[in-house]
Amino acid sequence: MEIDQVFIIGFIAVVASVSAYFQLLKPSGAIAAFLTGVFIWAGFGIKGLILLGVFFLTSSLLSKYKSHRKQQLSELHQKGAARDWAQVAANGGTAALAGIGNFLLPDPIWTIVLASSLASANGDTWASELGVLSKVQPLSVKSFKRVPTGTSGAISAVGTAAAAVGSLLIALTAASLFPLGPGWTGIIFLLGVVGTMIDTFLGAYLQAEFACVTCNRLTEKTIHCSLPTRHVSGIVKLDNDAVNFLSCFTAALAGIVLYIIF
C-alpha cells in the first residue's frame, strides 16, 4: 500500500474518531462512518470524500444547532443526536455501495447513485434538523392535521425549504467535482427532493409507531416509562433508519433508471 493511501485511510480514521469524541457519532457509528468513507474513497477518490464530507459536516453541525430546543424530541424519537451504525448505514449505505460498485465496475452511473443518494440524505437531514425549529406545528401528510413537532410523516414550510436547500447543496457540490453537466445537476437536485418526500410518506404510512402504556404518549420508542410500548400503526420492524435507507436507495434507483433511459 502506497504512503498516500495510508495517509488517506488514516485521515478517514481520525475524522471518525474525532466525531465520536465530540459525540457526533457513537462508537458503532464511527466504525460505520470509517468503512463508508473507505468504500467511497476506493470508488471515487478524494472527490467522493469531499462530497461525503459536505453531507456529514453540514448534517452534524445542524444536529448541534439549537440542540437545547430539540431535547423535547427525545420523548418521541428512538435515538439521539449521536448517530449509531444503523443511522450511518441508513444515510450513507447506498453511497458506500456506489463506491464499491465503481471500484469493481467503473461506470458514470455510480456517480449518479452516489450524488442522488447523498442529496436525498442531506435533504432529509436538513428538513429534520431545521423543520423542528419551526414555530408552527407540522402537518401530517396522512391525516392533514397538525401534529407534534418531530412527528415522522409530517411536513412544514421550514422543513420543506430546508430539504430543497440541502439537496441543492449536494447537487451543486457534485457538479463542481464530477463532469455531470447542468441537466444532471438539476436531476440530482430533484431526486434528492423526491427522496425526502418518499421518506415523509413512508414515515406517515409504513413506519412503526408505538404508544406508551403508562402515559399514552405516541413515540417511535419500543420502551417508554421503563415499560414496553404498544404497537399502534405501521410495520413493526420498519423504523426510522429503515425508512431513511429506503428513501436514499429509491432516489438512487430512480437515478439509475433515468441514466439508462437518457
Side-chain angles (χ1 to χ4, degrees), residues 8-41 44 46-74 76-96 99 114-134 149-150 152 158-159 161-174 176-177 192 195-196 199 240-241 243-245 247-248 251:
I8 292 174
I9 292 176
F11 174 76
I12 297 172
V14 168
V15 171
S17 299
V18 170
S19 299
Y21 177 80
F22 285 104
Q23 298 183 337
L24 299 175
L25 298 171
K26 293 182 179 179
S28 67
I31 294 173
F34 169 75
L35 293 175
T36 299
V38 169
F39 291 150
I40 290 177
W41 166 71
F44 300 99
I46 297 297
K47 293 181 179 179
L49 282 182
I50 293 174
L51 190 62
L52 176 65
V54 170
F55 160 66
F56 178 71
L57 180 62
T58 59
S59 62
S60 296
L61 291 176
L62 285 180
S63 69
K64 295 297 183 181
Y65 178 64
K66 294 188 177 181
S67 58
H68 62 285
R69 289 183 56 183
K70 301 174 183 177
Q71 290 178 354
Q72 59 180 330
L73 301 180
S74 62
L76 180 66
H77 294 165
Q78 177 74 8
K79 300 176 181 180
R83 294 169 171 80
D84 62 12
W85 72 270
Q87 290 168 293
V88 172
N91 290 289
T94 302
L114 172 73
S116 57
S117 65
L118 288 181
S120 176
N122 207 47
D124 178 62
T125 301
W126 280 45
S128 299
E129 297 296 345
L130 295 178
V132 296
L133 300 178
S134 173
T149 298
S152 294
V158 174
V165 175
S167 177
L168 181 61
L169 175 63
I170 294 298
L172 292 177
T173 304
S176 70
L177 296 169
T196 303
D199 187 281
N240 186 253
D241 294 334
V243 166
N244 287 345
F245 177 80
S247 60
C248 292

Which atom pairs, one a donor and one an acceptor, fall under 3.5 Å between side chains of residues 28-41 and the rest of the protein, sequence neighbours left out?
from : atom 1 : to  : atom 2 : distance (Å)
S28  : OG     : W85 : N      : 3.1
T36  : OG1    : A32 : O      : 2.8

**Report entry** With sequence neighbours excluded, residues passing side chain to side chain contact (heavy atoms under 4.5 Å, CB included) with V14
**Finding:** V18
Query - Minimum-distance pair of heavy atoms, taken over all atoms of G48 and L114 - result: CA-CD2, 4.4 Å
Requested in this report: Give the minimum heavy-atom separation between T58 and V54, together with the two atoms involved.
Outcome: OG1-O, 2.7 Å
Report summary line: Closest heavy-atom pair, G159 versus A127, reported as atoms and distance to 0.1 Å, is O-CB, 3.3 Å
Report summary line: Closest heavy-atom pair, E129 versus L62, reported as atoms and distance to 0.1 Å, is OE1-O, 3.6 Å
Query - Heavy-atom closest contact (D241 atom, A86 atom, distance) - result: OD2-CB, 3.4 Å
Query raised in the report: Is there a donor-acceptor contact under 3.5 Å from the side chain of T125 to the main chain of N122?
Result: no
Query - Under the side chain to side chain contact (heavy atoms under 4.5 Å, CB included) test, residues paired with L177 that sit two or more places apart - result: K47, I50, L51, T173
**Report entry** Which residues share a side chain to side chain contact (heavy atoms under 4.5 Å, CB included) with S247, sequence neighbours left out
**Finding:** S120, I198, D199
Requested in this report: Using side chain to side chain donor-acceptor pair (under 3.5 Å) as the criterion, list what pairs up with D124, not counting sequence neighbours.
Outcome: none
Query raised in the report: Roughly how far apart are F44 CZ and L52 CG, rounded to 0.5 Å?
Result: 11.0 Å
Query - From L133 atom CG to S128 atom OG, the distance as rounded to the nearest 0.5 Å - result: 11.0 Å
Requested in this report: Report the distance from atom OG of S17 to atom CD1 of I12, rounding to the nearest 0.5 Å.
Outcome: 11.5 Å
**Report entry** For N91, all residues meeting side chain to side chain donor-acceptor pair (under 3.5 Å), sequence neighbours excluded
**Finding:** none
Query raised in the report: So which heavy atom on T196 is nearest to which on A163, and how close?
Result: CG2-CB, 3.7 Å
Query - Residue list, side chain to side chain contact (heavy atoms under 4.5 Å, CB included) with S19, at least two apart or on another chain - result: V15, L24, L25, F56
Query raised in the report: Between S134 (side chain) and L130 (backbone), is there a donor-acceptor pair under 3.5 Å?
Result: no
